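Bear in mind the structure is a predicted one, so any value in this text is a computation, not a measurement. In this chain, numbering begins with 1 at the start of the sequence shown.
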Amino acid sequence: MSEEVPGVTARMKWFSSTLVALALSTAAPLAPMAPQELENELAGATSPYLRSAADQPVAWQEWGPDAFALARELDRPIWLDIGAIWCHWCHVMDRESYENPELAALINAGFVPIKVDRDERPDIDSRYQLAHQALTGRSGGWPLTMFLTADGTPFAGGTYFPPEQRGETLGVREFATRIGGGYRDRQGEIGEVTAAVMEWIRPVARMTNASGTLTPAVPRAITADVRAAFDPLHGGFGAQPGTKFPKGEAIRLALARGVLDGDPEMVRSALQTLKAYARSGLRDHLLGGFFRYSTNRELTVPHFEKMDYVQAALLQAYLDAYRLTGEVVYAEVARDIMRYVDATMSDPEGGGFYPHQDADLSLDDDGSYFTWSVTQLEAVVTPEEARVLAPHFGVESRGEMREHPDQNVLRVAATPEEIAAETGLSVEEVEERIRSGTRTMRAARLAQEAPFVEKTKYTSRNAMLIVAYLDAWETLGDEHARDFALRTLDLVLETNVQDDWTVHHAHDEGESPVEGTMEDYAFLADALVDAWQVSGRDRYLRAAAGIMDRAEALFRDEEDGGFFDRPPDRQALGLLAERRKDFNDAPLPGTNAVAARVLEKLYLVTSDARWQELAEETLAAFAGTAQASGTFGGSYALAAEMHLNKPPQTVVIGPAGNPLTGELARAAWTTYRPGRIVASYDPGVVALDSLPEAVAGAARVFEGDPVPRAYVCVGRTCAPPTSSPEEVARLVRDFGRDGIR
């Protein structure tokens with residue numbers, strides 16, 4: 001299943017009907033070419049997903065010059081398969097088709113088959129997903145199955161294909177025989193298709209990156225769309241039947257603008273969604289964390305894979321809600337997310353976070369590791385516990401799973417108060433039975449074989465969780481979260497960053513084989529600035545500046561502003577020659593949005609105007625179309641808000657060993673204000689000239705005075721210094737709010 005993508009234009013729909021007709025016309029059944037022996041080359045791949053296909057009879061090649069040279073030499077089309085190790089339907093297609101020797105022989109005889117891991121190569125995936133839209137008029141997903149000319153230009157494609165034709169849907173057999181057999185004899189028609197695809201892709205990339213003037217109207221338009229998208233009945237986004245993805249960035253935007261605009265309805269909608277997620281089938285109520293998305297509006301049936309970026313985004317959203325409201329339920333969910341990540345998606349010995357956990361143990365279990373039948377529940381808990389657990393978690397004789405209808409997705413279907421009223425038990429008795437029974441269910445789950453967890457450590461995605469874990473220390477005082485985040489950051493710097501600040505995308509088993517994209521640079525720099533705020537270690541700030549300097553040299557669009565995802569490369573293969581600039585959240589936060597945010601933070605903490613100018617340029621590069629991005633624009637709108645309405649910056653100056661120094665900083669950390677920045681300096685160490693200009697002048701007045709003081713500033717205006725934590729909290733919450741646009 002795909003991530004959602006922004007809407008399809010009428011022009012694209014017109015193109016798609018034309019392109020599909022042309023693509024299918026290439027599928028006339030002609031005599032296949034004489035087979036030539038190819039071998040599966042994936043055994044030595046760095047990607048676990050690719051290695052898992054090393055024993056398939058399909059002669060898979062890795063993406064690279066050798067595979068493309070082979071396609072040109074043999075004059076064959078390329079069969080491109082893009083998937084992921086957590087992708088259920090990728091495994092279905094593997095079993096049905098790619099592990100079938102007869103179908104594999106057809107593919108091997110007519111194509112050069114190439115397999116790509118979308119997590120290892122998001123740059124390849126994003127381009128061919130866009131090409132899929134051009135060809136079909138629909139959003140893509142995984143597996144992505146594309147048919148390319150020998151130079152990598154797509155002329156047909158889809159997502160999952162069955163092994164044989166089903167109704168009007170062609171199968172692998174039909175594509176393998178018709179396209180493979182007719183490729184050389186249909187060059188004219190294929191040329192028309194490829195020309196039309198490229199004619200569509202290039203202007204679409206330009207249209208989605210249209211520059212404009214950054215005004216308050218831009219983030220306000222995105223916020224209005226987010227507000228309109230909330231489902232008032234079930235929570236989440238979208239009130240029509242269909243899938244729902246948990247959009248942590250859009251929720252954070254709703255909270256921020258709701259508070260800044262004095263809009264309680266916006267805040268209510270965001271908090272309602274977070275509470276709905278906490279009760280829903282999207283949440284793993286035994287081991288913690290959230291699944292990737294819900295397959296229905298009611299949030300009762302998820303796709304069970306768990307992604308690191310989902311945990312990171314929702315962790316920060318729940319921490320925001322707790323800082324804003326003080327309601328313990330949000331802190332509990334935040335801790336529950338970290339409990340899962342600590343136990344399952346992190347490396348406690350070496351440091352670092354893992355990217356994802358599979359949904360299934362096999363293609364036949366239909367999420368059975370995560371679901372429960374009445375019989376299974378009654379087999380592990382006492383009758384007294386089952387009496388309250390069944391209604392609490394909604395475990396009934398008929399569940400929600402299509403393949404195994406007795407299986408139930410756990411959700412909070414009834415509260416302890418409701419169960420007490422129904423059973424005659426006290427609320428305290430019900431709560432105790434829920435606690436004890438849940439512990440037993442958790443132990444039973446842990447005794448089973450768990451779905452696979454990939455252990456590649458991706459730079460950008462580790463950085464997301466580093467930021468979220470540092471936020472957990474700031475908000476909850478969780479020292480383990482802080483210490484593990486900093487240890488992970490040090491690991492990423494050691495393994496994935498070179499001396500010249502070149503960043504690599506991943507680290508696995510001692511190797512960093514893939515060059516980083518702009519996403520890796522921006523996300524890592526963002527984590528480094530936050531780590532500097534938390535730790536006071538100057539090397540993190542120097543590293544952030546060095547990485548963004550390197551990113552500017554490699555990726556900046558000097559003509560139109562913003563950052564491309566890849567550096568210029570005359571040897572780029574296939575659609576990689578088409579450089580892209582992303583700012584939408586789909587599914588990770590938009591790269592240019594994160595870049596603008598870190599540039600703005602670098603300006604605020606260093607007073608170096610070039611960072612602010614680059615932030616403005618980056619945001620303006622997308623201002624012409626950003627207003628139409630809706631719930632995909634959360635990160636961009638938050639970055640624009642930070643630039644247009646400077647957040648409060650709290651500078652605490654006091655001896656590091658003085659408890660009051662920590663109390664002043666803690667008051668600033670735990671107070672809700674979007675984008676707030678906090679830094680602490682020991683007066684015996686810091687040079688006053690290195691402080692922000694507005695702070696340095698005031699600090700000189702008290703030079704030599706050992707009493708810790710906090711300076712809360714917005715832009716170039718500072719409130720009088722204070723030694724009161726309560727006053728710090730008030731200033732962080734309210735100072736400079738009158739000028740918000």
Side-chain angles (χ1 to χ4, degrees), residues 86 119 122 246-249 251-252 283-284 287-292 305-320 333-357 453-476 478-497 503-508 516 519-535 540 543-544 547 585 587-591 594 597-598 635:
W86 46 262
D119 293 308
K247 296 176 179 288
E249 292 82 9
I251 294 170
R252 297 187 73 199
R283 183 182 179 190
D284 185 342
L287 298 187
F290 285 85
F291 302 115
R292 180 167 157 246
E305 59 266 17
K306 292 183 180 178
M307 319 302 290
D308 53 356
Y309 56 81
V310 171
Q311 316 311 319
L314 287 180
L315 174 53
Q316 287 198 276
Y318 280 100
L319 291 170
D320 277 359
V333 178
R335 291 189 177 98
D336 200 45
I337 293 171
M338 289 190 291
R339 178 168 63 89
Y340 166 71
V341 173
D342 287 344
T344 305
M345 296 185 74
S346 63
D347 180 352
E349 296 182 3
F353 296 102
Y354 302 143
H356 36 250
Q357 182 176 27
V453 175
E454 183 178 347
K455 296 187 176 181
T456 305
K457 297 170 184 177
Y458 292 104
T459 298
S460 59
R461 292 160 67 165
N462 265 262
M464 281 190 71
L465 275 167
I466 290 168
V467 168
Y469 265 49
L470 292 176
D471 197 357
W473 176 79
E474 296 163 8
T475 307
L476 305 174
D478 188 324
E479 293 185 359
H480 164 75
R482 176 198 61 196
D483 294 346
F484 190 78
L486 295 177
R487 184 152 67 96
T488 294
L489 184 58
D490 290 341
L491 173 73
V492 173
L493 288 171
E494 178 185 350
T495 58
N496 291 12
V497 181
V503 177
H504 286 266
H505 176 56
H507 179 74
D508 181 45
E519 176 184 283
D520 297 299
Y521 284 75
F523 284 46
L524 181 55
D526 193 41
L528 284 161
V529 176
D530 284 6
W532 169 78
Q533 293 183 71
V534 165
S535 69
Y540 290 143
I547 286 170
D585 304 333
L588 272 65
T591 297
V594 176
R597 180 174 73 209
V598 70
S635 295

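By the 4.5 Å heavy-atom criterion applied to side chains, Val310 and Phe291 are not counted as neighbours. Between Lys457 and Tyr354 the shortest side-chain heavy-atom distance falls below 4.5 Å. Contact annotation: the side chain of Asp119 approaches that of Arg461 to within less than 4.5 Å [non-hydrogen atoms, C-beta and beyond]. In this structure, Arg292 and Tyr309 have side chains that are in contact, with non-hydrogen atoms separated by less than 4.5 Å. Looking only at side-chain heavy atoms (C-beta outward), Tyr458 and Asp308 stay at 4.5 Å or farther from each other. Counting heavy atoms from C-beta on, the side chains of Val534 and Glu474 come closer than 4.5 Å. The shortest distance between side-chain heavy atoms of Leu524 and Ile547 falls below 4.5 Å. Between Val333 and Phe290, the closest side-chain pair of non-hydrogen atoms falls below 4.5 Å.
In plain terms, the two heavy atoms of Gly289 and Gln311 that are nearest each other are CA-OE1, 3.3 Å. Annotation for Leu470 and Ala527: closest pair CD1-O, 4.2 Å, computed over non-hydrogen atoms. Contact record, Phe523 with Leu588: CE2-CD2, 4.1 Å, taken as the closest heavy-atom pair. Taking every heavy atom of both residues into account, Glu454 and Pro355 meet most closely at O-CD, 3.1 Å. In this structure, Ala481 and Ala472 approach most closely via the heavy-atom pair CB-CB, 4.1 Å. The minimum heavy-atom distance linking Ala522 with Val598 is given by the pair O-CG1, 4.3 Å.
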Evaluation steps, side-chain contact (heavy atoms from CB on, under 4.5 Å), between Thr344 and Val453: CA-CA 8 Å; Thr344 305; Val453 175; 3.7 Å; yes

Criterion side-chain contact (heavy atoms from CB on, under 4.5 Å) on Tyr318 and Ile337, from CA distance to verdict: CA-CA 10 Å; Tyr318 280 100; Ile337 293 171; 4.2 Å; yes

Trace of the side-chain hydrogen bond (donor to acceptor under 3.5 Å, both in side chains) decision for Tyr540 with Asp490: CA-CA 9 Å; Tyr540 290 143; Asp490 290 341; 2.8 Å; yes

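Side chain of Tyr521 to main chain of Gly516: no donor-acceptor pair is present (N/O by atom type, distance under 3.5 Å, no hydrogens or angles). Judged by distance alone, with hydrogens and angles left aside, the side-chain atoms of Arg482 form no donor-acceptor pair with the main-chain N or O of Trp473 at under 3.5 Å. A distance-only check finds a donor-acceptor pair linking the side chain of Arg487 to the backbone of Pro348 [under 3.5 Å].
Note that OG1 of Thr591 is 8.5 Å distant from CG of Asp520, once rounded to the nearest 0.5 Å. Taking CZ from Phe353 and CE from Met464, the interatomic distance works out to 11.5 Å, rounded to the nearest 0.5 Å. Atom CG in Asp526 sits 10.5 Å away from atom CD1 in Ile466 (nearest 0.5 Å). From Asn462, atom CG reaches atom OH of Tyr469 across 11.0 Å, with rounding to the nearest 0.5 Å. Taken from CG in Leu476 to CE in Met338, the straight-line distance is 5.5 Å, to the nearest 0.5 Å. Interatomic distance, CE of Met307 versus CG of Leu314, reported as 13.0 Å (0.5 Å rounding).
A salt bridge between Arg339 and Asp336 is present, with a side-chain N of the basic residue lying under 4.0 Å from a carboxylate O of the acidic one.
Exactly one of Thr495, Asn496, Leu493 qualifies for a side-chain contact (heavy atoms from CB on, under 4.5 Å) with Thr459. That residue is Asn496.
Side-chain atoms of Ser635 and Asp585 form a donor-acceptor pair, as typed in the model, at a separation below 3.5 Å.
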